[in-house]
Amino acid sequence: MAAYKEISKEKVYMGSADYDSDLWLELSKVCEENNIACGEVTAIGALRSARFGYYGQDERKYSFIEKSGHFEIVSLNGNISLKDGKPFVHAHIIFSDENGNCLGGHLAEGCKVFACEFTIHAYDSKDFDRAYDEQTGLTLWKR
Amino acid sequence: MAAYKEISKEKVYMGSADYDSDLWLELSKVCEENNIACGEVTAIGALRSARFGYYGQDERKYSFIEKSGHFEIVSLNGNISLKDGKPFVHAHIIFSDENGNCLGGHLAEGCKVFACEFTIHAYDSKDFDRAYDEQTGLTLWKR
Amino acid sequence: MAAYKEISKEKVYMGSADYDSDLWLELSKVCEENNIACGEVTAIGALRSARFGYYGQDERKYSFIEKSGHFEIVSLNGNISLKDGKPFVHAHIIFSDENGNCLGGHLAEGCKVFACEFTIHAYDSKDFDRAYDEQTGLTLWKR
């Protein structure tokens, strides 16, 4: 059965990332600045270039793909939790090209922002803390 | 004009699905356990295999596609409402392969979880109740 | 560094769009009717035909693509803010065909609804106001 907790006392932050900033770093900075230990993030916008990861479940490691070109950010969904005691943004992204074709994966450093509008929901919980998980090789929430 | 209602008294649940669990069943169990009659769900993660539906608007029935292989869950969005008096999860999913290519559709039973982090927002409303809709052949919210 | 604000006093609206309505117009009407100056929107459902935009970052203009055919709305994420003093819905959409293939982009007028279930979160802020942005050629939030 799923492991989960009720969380409360929500704060909401809405804003835009800097032109030419790194999307993951930019979202991470907002979370650090506001000490967000638990939360959710969504965003839409456009990228000047993209970089994303895929986790090889057998190889137990991420491979990363870089795409030059201009893209719409058609979906960005993720969460914020603690990793090594600090706010950590884990998000997945989907972007589309001029024909509407979609590519997606794990949001990695290296996505250059053209424009990006985000919302972050922060919750009052320190229960979501990442640690190495033997079964998957990922850093998942302790259960 | 759209039919809609204002809803309130939100509870938020955040957690992770079991390794090797069925994603739709796992989300459904959380909703049943907490008696969620109205809500929203989002998730990211990875699948060990995928199964999703497409509704044929002319044929008025779902067809289902199964994909073996390992995928990122790049987007999962949906809602919770009542169907036959019980919590019912209606969600759409997009998953991506090792090249970032995206496939998506109606979240069906048969998606095997590798890892999945979800958030469920529960609202205090019993107004969203599904019934057969003549025009579409779907079970939609009574209006 | 990202520009952002904390926002508060949330209202939540959940409902369904009319069969055969225009999706963007339908969501816009709900926001106008409730005077939503700041918010978030998500939706899932199905379309009888689709139309979406891609912003050419060099050409500094949108091009629009129309797709006939029946699609699942597998993701719709966006925000509501003020443009010319009125509620403005800015959303990105991803839809999928009978094989699960995904296309996506900027939600434009011209998406015909088969069925659509949406949630809108409204916040009590008038700080998010769009104006022409010299650097991108887009109407972005004043910073």
Side-chain angles (χ1 to χ4, degrees), chain B residues 1-10 38-42 50-59 62-65 67 74-81 90-96 101-107 121 123-125 127-128 130 133-143, chain C residues 9-23 25-34 36 40-49 69-78 92-104 112-122:
Chain B
M1 178 62 190
Y4 62 93
K5 294 199 171 71
E6 190 183 334
I7 49 183
S8 57
K9 279 196 197 151
E10 186 173 9
C38 179
E40 288 180 276
V41 57
T42 62
R51 186 166 173 270
F52 61 98
Y54 170 84
Y55 188 71
Q57 297 176 17
D58 291 334
E59 305 81 3
Y62 278 101
S63 55
F64 293 94
I65 299 177
K67 294 279 172 187
V74 276
S75 168
L76 185 153
N77 275 289
N79 56 58
I80 300 116
S81 59
H90 178 211
H92 285 189
I93 188 170
I94 305 172
F95 49 92
S96 63
N101 292 316
C102 291
L103 288 175
H106 179 85
L107 176 66
H121 291 242
Y123 304 104
D124 188 23
S125 170
D127 288 336
F128 294 85
R130 294 188 181 276
D133 174 68
E134 196 61 59
Q135 193 160 35
T136 59
L138 293 165
T139 51
L140 300 180
W141 296 331
K142 291 171 199 162
R143 304 181 64 158
Chain C
K9 280 196 196 151
E10 186 174 7
K11 287 187 179 188
V12 185
Y13 303 88
M14 196 161 146
S16 51
D18 282 357
Y19 181 87
D20 215 23
S21 65
D22 182 286
L23 181 50
L25 288 177
E26 193 85 338
L27 295 173
S28 298
K29 271 185 227 163
V30 177
C31 295
E32 282 159 23
E33 191 164 83
N34 295 283
I36 300 174
E40 287 181 277
V41 58
T42 62
I44 56 172
L47 294 178
R48 301 177 61 206
S49 67
H70 297 163
F71 304 103
E72 301 286 324
I73 303 168
V74 277
S75 167
L76 185 152
N77 274 288
H92 285 190
I93 188 170
I94 306 171
F95 49 92
S96 63
D97 67 14
E98 70 272 21
N99 299 310
N101 293 317
C102 292
L103 287 175
K112 279 226 158 154
V113 170
F114 180 74
C116 179
E117 298 166 354
F118 62 82
T119 310
I120 293 172
H121 291 244

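Atoms considered below: every heavy atom in the structure, side chains included; atoms not considered: hydrogens, waters and symmetry mates.
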- Over all atoms of both residues, closest heavy-atom pair of C/I73 and B/H92: O-ND1, 2.7 Å
- Message: Is B/Y55 in contact with chain C via its backbone, its side chain, both, or neither, using a 4.5 Å heavy-atom distance?
- Response: both
- Message: Under 4.5 Å from any heavy atom of chain B, what part of C/N77 do you find: side chain, backbone, both or neither?
- Response: side chain
- Query: Do B/E10 and C/H121 meet the criterion of a side-chain donor-acceptor pair at a distance under 3.5 Å?
  - Reply: no
- Nearest non-hydrogen partners of B/G104 and C/C102, listed with the distance: N-SG, 3.5 Å
- Query: To the nearest 0.5 Å, how far apart are CD1 in B/I93 and CD1 in C/I44?
  - Reply: 11.5 Å
- Message: Return the CZ to OG1 distance between B/F128 and C/T119, rounded to the nearest 0.5 Å.
- Response: 8.0 Å
- What one should report as the nearest heavy-atom pair of B/F52 and C/N99 is CZ-O, 4.0 Å
- Most heavy-atom pairs under 4.5 Å with chain C, out of B/I65, B/D133, B/N101, B/T42, belong to B/I65
- Using non-hydrogen atoms only, which part of C/I94 is less than 4.5 Å away from chain B: side chain, backbone, both, or neither? side chain
- Do the non-hydrogen side-chain atoms of B/R143 and C/S16 ever get within less than 4.5 Å of each other? yes
- Is chain B contacted by the side chain of C/L103, its backbone, both, or neither, given a heavy-atom distance below 4.5 Å? neither
- Comparing C/E26, C/H70, C/E72, C/K11 against chain B, the one with the most heavy-atom pairs below 4.5 Å turns out to be C/H70
- Would you check if B/D127 and C/M14 make a side-chain contact, meaning some heavy-atom pair closer than 4.5 Å? no
- Note on the structure: Scored by heavy-atom pairs under 4.5 Å with chain C, the best of B/H106, B/R130, B/K67 is B/R130
- Query: Between B/S75 and chain C, which part of the residue has a heavy atom less than 4.5 Å away: side chain, backbone, both or neither?
  - Reply: side chain
- With a 4.5 Å heavy-atom cut-off, do C/F114 and B/L138 have their side chains touching? yes
- Message: I'd like to check B/L140 versus C/E117 (side-chain heavy atoms, cut-off strictly below 4.5 Å). Are they in contact?
- Response: yes
- Query: By a 4.5 Å heavy-atom criterion (distance strictly below it), what part of B/E6 contacts chain C: side chain, backbone, both, or neither?
  - Reply: both
- Item | C/F95 portion near chain B, given a 4.5 angstrom heavy-atom threshold | neither
